[in-house]
Amino acid sequence: MQHVVSDTLADFAAFYDEDVELISITRPRAQSSQAYAQELLSSRGLPPSNWVQEAGDANALADALSASVCPTLVGEITQATEVVSDLLGCQRVDIRLEILSQPM
């Protein structure tokens with residue numbers, strides 16, 4: 001079995017190849033997301049949220065949450081919905097955003 005390591009999201013399509021077992025996509029660490037997450041954890045300012053959005057719709061996140069949202073987080077969620085859409089052919093994606101107190 002093969003492990004694909006790449007920096008291109010489109011390489012997730014290798015998921016459908018018979019000899020591929022694992023796909024790793026490298027991404028730069030977003031310092032603004034990390035700082036935003038720490039701020040949310042400290043303030044407990046983000047209530048659990050759940051919504052369904054069109055794949056790749058960056059405005060859906062702002063519409064779903066009343067709190068101000070870090071632009072990097074919006075980008076991360078939008079990109080994740082695009083990946084799910086590309087891999088599975090989904091037009092709409094269900095999003096759940098929570099602050100976890102322990103690993104899932």
Side-chain angles (χ1 to χ4, degrees):
M1 289 296 210
Q2 202 177 26
H3 175 198
V4 175
V5 179
S6 172
D7 63 354
T8 306
L9 286 175
D11 288 338
F12 270 124
F15 174 79
Y16 295 107
D17 296 349
E18 283 187 35
D19 63 336
V20 174
E21 182 177 47
L22 179 65
I23 301 169
S24 299
I25 304 297
T26 59
R27 313 250 339 260
R29 174 174 270 176
Q31 295 300 325
S32 59
S33 289
Q34 193 169 7
Y36 182 67
Q38 288 301 322
E39 179 183 320
L40 288 175
L41 285 171
S42 298
S43 69
R44 299 214 177 258
L46 182 66
S49 299
N50 192 63
W51 69 93
V52 176
Q53 73 179 50
E54 298 294 322
D57 181 1
N59 295 322
L61 179 61
D63 295 342
L65 299 175
S66 58
S68 62
V69 179
C70 172
T72 306
L73 179 61
V74 172
E76 292 289 322
I77 291 174
T78 301
Q79 191 171 45
T81 62
E82 290 170 353
V83 168
V84 170
S85 175
D86 289 346
L87 287 177
L88 303 176
C90 304
Q91 296 302 313
R92 298 173 59 87
V93 179
D94 189 356
I95 307 291
R96 183 180 71 187
L97 186 62
E98 293 185 41
I99 297 174
L100 301 176
S101 59
Q102 61 187 13
M104 290 178 71

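Residues Y16 and V20 are members of one and the same hydrophobic cluster, defined by side-chain heavy-atom contacts under 4.5 angstrom among Ile, Leu, Val, Met, Phe, Trp and Tyr. A single hydrophobic cluster is seen to contain both L88 and I95, as judged by linkage of ILVMFWY side chains at heavy-atom distances under 4.5 Å, directly or through other members. V83 and I25 fall within a single hydrophobic cluster, where Ile, Leu, Val, Met, Phe, Trp and Tyr are joined by side-chain heavy atoms under 4.5 Å apart, directly or via other members.
Between V84 and C90, the shortest heavy-atom distance links the atoms CG1-SG, 4.2 Å. Closest of all the heavy-atom pairs between I23 and H3 is N-CD2, 4.4 Å.
Between T81 atom OG1 and D94 atom CG the span is 12.0 Å, to the nearest 0.5 Å.
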